[in-house]
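Lettering follows sequence order; numbering is per chain, from 1.
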2 protein chains.
Amino acid sequence: MNYQNLLSSINVTFETLNKSEKKVASAILADPEAATGSSIANLAKKAGVSEPSVNRFCKRFGTAGFPDFKLKLAQCLVSGVKFVNSNVQLNDNVSKYTPKIFDNAIHDLVAIKNQIDLSLVEKVVDQLLSARRIFFFGLGTSGAVARDAENKFFRFDLPVSFHVDVLTMRMLSAAAKPGDLFFMISHTGRTKAIIDAADDAQANGARVVGLTTPGSMLAKKSNFALEVSVSENTEEYMAMTSRIVHLVILDVLATGFILRKGPDFLNHMEKINRSLKPTRYKNN
Amino acid sequence: MNYQNLLSSINVTFETLNKSEKKVASAILADPEAATGSSIANLAKKAGVSEPSVNRFCKRFGTAGFPDFKLKLAQCLVSGVKFVNSNVQLNDNVSKYTPKIFDNAIHDLVAIKNQIDLSLVEKVVDQLLSARRIFFFGLGTSGAVARDAENKFFRFDLPVSFHVDVLTMRMLSAAAKPGDLFFMISHTGRTKAIIDAADDAQANGARVVGLTTPGSMLAKKSNFALEVSVSENTEEYMAMTSRIVHLVILDVLATGFILRKGPDFLNHMEKINRSLKPTRYKNN
DNA sequence: ATACTTTATGTAATTTTATTACAGAATTAC
DNA sequence: GTAATTCTGTAATAAAATTACATAAAGTAT
């Protein structure tokens with residue numbers, strides 16, 4: 001139980017709590033901001049329970065005690081998830097839905113930042129460094145992510161391409177060779193074309209990195225699965241925060257790549273940046 | 001002095017602090033996370049000062065006392081601004097650069113969330129709703145953003161396209177008509193092809209929305225300028241957080257669009273979502 | 001239904017933590 | 001060099017949180 005979702009946790013587990021814990025939960029949910037500022041005695045009084053009950057409540061939610069609980073509660077308030085339901089409602093106006101959309105993105109970034117497996121990141125960077133060729137595959141929303149990835153990695157002086165065409169994907173994965181790296185991006189991790197390509201590529205000795213939901217089919221089929229769990233209700237409207245997190249993870253990988261290449265590599269990067277100058281008007 | 005910048009405040013005012021306050025500041029800056037978890041006695045010991053000195057330090061920074069200080073410090077850590085300089089350093093390892101990249105994105109999202117002009121958002125949604133056609137233009141990194149935007153807006157049952165080809169951009173803007181909406185995405189706001197297209201489109205009576213840096217050439221030339229100021233050192237390496245913020249803003253606009261269309265429109269969205277089913281393997 | 005077990009909750013003591021009041025030291029101004 | 005001011009620590013006090021324990025409530029088995 002991590003502190004990102006402390007408030008959500010309280011809400012979700014509410015029914016499983018016992019009488020006095022429910023009182024405490026209600027008091028906190030009624031005004032979380034206030035709770036972060038009050039003493040245990042105060043909150044106990046407000047909830048109508050004893051101080052140890054509040055303390056026990058805090059420990060039940062995986063915190064060291066009341067002060068620690070307040071701290072984590074305060075943090076979870078900043079990251080935006082004020083209430084369990086920060087989903088957009090049909091009758092929201094601009095001042096309601098705008099912060100909600102931002103909050104969702106912020107919340108998921110904070111969550112993933114704390115969950116991400118650093119040693120896995122390192123391993124994927126290794127793979128990127130040692131790959132003979134890199135292919136980014138994605139469809140739909142993830143197609144835009146794949147394109148963005150290519151836009152980043154082509155600067156790194158190695159053969160990179162992105163593909164959004166399922167026929168091309170089939171052909172490339174059929175022709176995969178050891179040393180090739182197939183970087184598959186799929187939020188659902190169930191997109192047939194992507195899974196099939198992952199199978200083929202791997203059968204031909206290439207390595208597969210999957211950027212996807214935890215435990216998805218793609219995650220299972222990948223040599224390296226970057227598993228990203230976002231809070232969005234995937235099916236409704238359209239995916240939003242998953243691709244944001246995916247992009248940031250690609251930034252992390254790109255950064256890791258550059259740093260491992262060392263300072264000399266920056267000259268190369270600089271050369272590429274300089275090339276853009278003539279495409280821009282000068283400042284005012 | 002607000003809590004978003006507590007750490008920055010400490011850093012900025014460091015030189016104006018007196019001897020023992022400096023010691024406390026150093027101890028906190030050395031490991032802010034740790035500071036949020038320790039007692040006043042602990043921190044005092046670590047800083048080599050007395051407990052009241054720590055307490056006075058806290059009050060000097062506008063907090064009620066040590067516990068309140070810890071709370072605000074913890075909050076400011078979440079929102080990402082760990083250090084004044086949370087830029088990646090050449091000798092950073094994976095556990096250093098990974099959170100930094102995330103923090104930068106989070107920090108900028110929080111900042112823009114609080115700065116964004118809601119009435120402007122509403123106006124742009126109006127434009128999207130009344131447009132006869134919508135074109136998303138972007139190059140390089142913003143090309144990926146434009147692609148993502150198209151991927152979202154094509155669901156809305158109106159003629160939308162994205163373009164990353166400067167010749168096509170010229171032709172389309174030359175052929176622009178009243179009722180057309182040109183949505184220009186450019187972080188620098190100085191990309192010639194984009195500026196020229198904005199000029200042409202506007203000359204032909206089309207409306208131009210610019211998603212760009214405050215005060216940029218594109219901002220000035222747009223009918224509606226969504227101005228986004230991000231903290232990244234644009235020129236180094238490659239743009240990262242600007243495109244993240246741009247994507248979230250497009251999510252906001254798309255959401256605004258859907259909500260204005262009303263509940264019936266959800267059936268249309270649902271139809272589109274359903275169409276994807278056959279492209280996916282079923283869950284396990 | 002009653003006795004037994006388990007779980008839940010509060011009281012009171014203890015411990016930890018933070019704050020205040022004050023005094024002595026250091027610094028500055030004259 | 002003395003007085004005023006500012007800084008900083010010690011020790012006392014106050015506040016807050018936690019623990020240990022006892023009682024009460026709920027659940028279970030006979």
Side-chain angles (χ1 to χ4, degrees), chain A residues 1 3 6 9-10 12-76, chain B residues 1 3 6 9-10 13-77:
Chain A
M1 199 171 307
Y3 65 81
L6 196 46
S9 299
I10 295 173
V12 169
T13 57
F14 188 87
E15 282 310 320
T16 74
L17 300 174
N18 50 39
K19 224 186 295 176
S20 63
E21 285 173 334
K22 270 189 185 140
K23 288 184 195 165
V24 177
S26 302
I28 292 169
L29 291 171
D31 191 352
E33 306 266 2
T36 64
S38 73
S39 69
I40 194 167
N42 229 282
L43 185 61
K45 194 178 160 200
K46 190 182 163 198
V49 300
S50 69
E51 300 181 23
S53 287
V54 175
N55 194 268
R56 280 188 286 261
F57 176 89
C58 297
K59 288 185 174 163
R60 190 188 227 279
F61 282 92
T63 64
F66 186 68
D68 188 41
F69 178 88
K70 279 195 291 190
L71 208 81
K72 305 218 162 131
L73 182 63
Q75 291 186 311
C76 116
Chain B
M1 201 169 307
Y3 66 82
L6 193 48
S9 300
I10 296 173
T13 57
F14 188 87
E15 283 310 319
T16 74
L17 301 174
N18 51 39
K19 222 187 296 176
S20 64
E21 285 173 335
K22 271 187 185 143
K23 287 185 197 167
V24 177
S26 302
I28 291 168
L29 290 172
D31 191 352
E33 305 266 3
T36 63
S38 73
S39 68
I40 194 167
N42 229 282
L43 185 61
K45 195 179 159 200
K46 190 182 164 196
V49 300
S50 68
E51 300 181 22
S53 287
V54 175
N55 194 270
R56 280 187 286 260
F57 177 90
C58 297
K59 288 184 173 163
R60 189 188 229 279
F61 282 92
T63 64
F66 186 68
D68 187 41
F69 178 88
K70 281 195 290 191
L71 208 80
K72 306 225 162 124
L73 182 62
Q75 290 186 310
C76 116
L77 290 177

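Between C/dT9 and A/S53, no contact under 4.0 Å exists linking OP1 or OP2 to a side-chain N or O. Phosphate proximity of D/dC7 to B/S20: absent, as no side-chain N or O sits under 4.0 Å from OP1 or OP2. For A/N18 and C/dA8, the shortest distance from a side-chain N or O to OP1 or OP2 is below 4.0 Å. In this structure, B/K22 does not reach the D/dC7 phosphate: none of its side-chain N or O atoms is under 4.0 Å from OP1 or OP2.
Here the closest heavy-atom approach between residue B/A27 and residue B/L43 is recorded as CB-CD1, 4.1 Å. When all heavy atoms are compared, the tightest approach of A/S38 to A/F66 is O-CE2, 3.4 Å. Across every non-hydrogen atom of A/N55 and A/G65, the tightest pair is ND2-CA, 4.5 Å.
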### Task
Decide side chain to side chain contact (heavy atoms under 4.5 Å, CB included) for B/F69 and B/I28; before the verdict, give the C-alpha distance in whole Å, the side-chain angles of both, and the deciding distance to 0.1 Å.
CA-CA 11 Å; B/F69 178 88; B/I28 291 168; 3.6 Å; yes
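For B/K59 and A/S50, each mapped to the nucleotide of DNA chain C holding its nearest heavy atom, the one lying further toward the 5' end belongs to A/S50.
The separation between A/F66 atom CZ and C/dT15 atom C1' is 18 Å, rounded to whole Å. Put simply, CD on B/E51 is 14 Å from P on D/dA12, counting in whole angstrom units. The distance between atom CZ of B/R60 and atom C1' of D/dT8, rounded to the nearest whole Å, is 14 Å.
Relative ring orientation between A/F57 and A/F61 is described as tilted, the plane-to-plane angle lying within the 30° to 60° band.
Under the side-chain hydrogen bond (donor to acceptor under 3.5 Å, both in side chains) criterion, A/T36 pairs with no residue, sequence neighbours left out. By the side-chain hydrogen bond (donor to acceptor under 3.5 Å, both in side chains) test, B/S50 is found to be paired with B/S53, residues two or more places apart in sequence or in another chain being considered.
Rounded to the nearest 0.5 angstrom, B/C58 SG and B/K72 NZ are separated by 11.0 Å.
Among the heavy atoms of the strands lying under 4.0 Å from B/K70 are primed sugar atoms or P, OP1, OP2 only; no base atom is included.
Checked against D/dT18, C/dT19, C/dT20, the side chain of A/N55 finds its nearest nucleotide in D/dT18.
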Give each protein N/O atom lying under 3.5 Å from an N/O atom of nucleotides 21-26 of chain D, with the pair distance.
residue : atom : partner : partner atom : Å
D/dA26  : OP1  : A/K19   : NZ           : 3.4

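Each end of the helix from C/dA1-D/dT30 to C/dC30-D/dG1 gets its own axis, taken as the rotation carrying the C1' atoms of four end pairs onto the next four within a five-pair window, and the two axes meet at 20° to the nearest 10 degrees.
Applying the salt bridge (Lys or Arg N to Asp or Glu O under 4.0 Å) test to every pair with at least one member in residues 16-30 of chain A, sequence neighbours left out, gives these pairs: A/E15-A/K22, A/E21-A/R60.
Of the residues in residues 37-49 of chain A, those placing a heavy atom less than 4.0 Å from an atom of DNA chain C are A/V49, in numerical order.
Formation of a donor-acceptor pair under 3.5 Å by the B/Q75 side chain with backbone atoms of A/A74 is found in this model. Looking only at distances, a side-chain donor or acceptor of A/S39 sits under 3.5 Å from a matching main-chain atom of A/N42.
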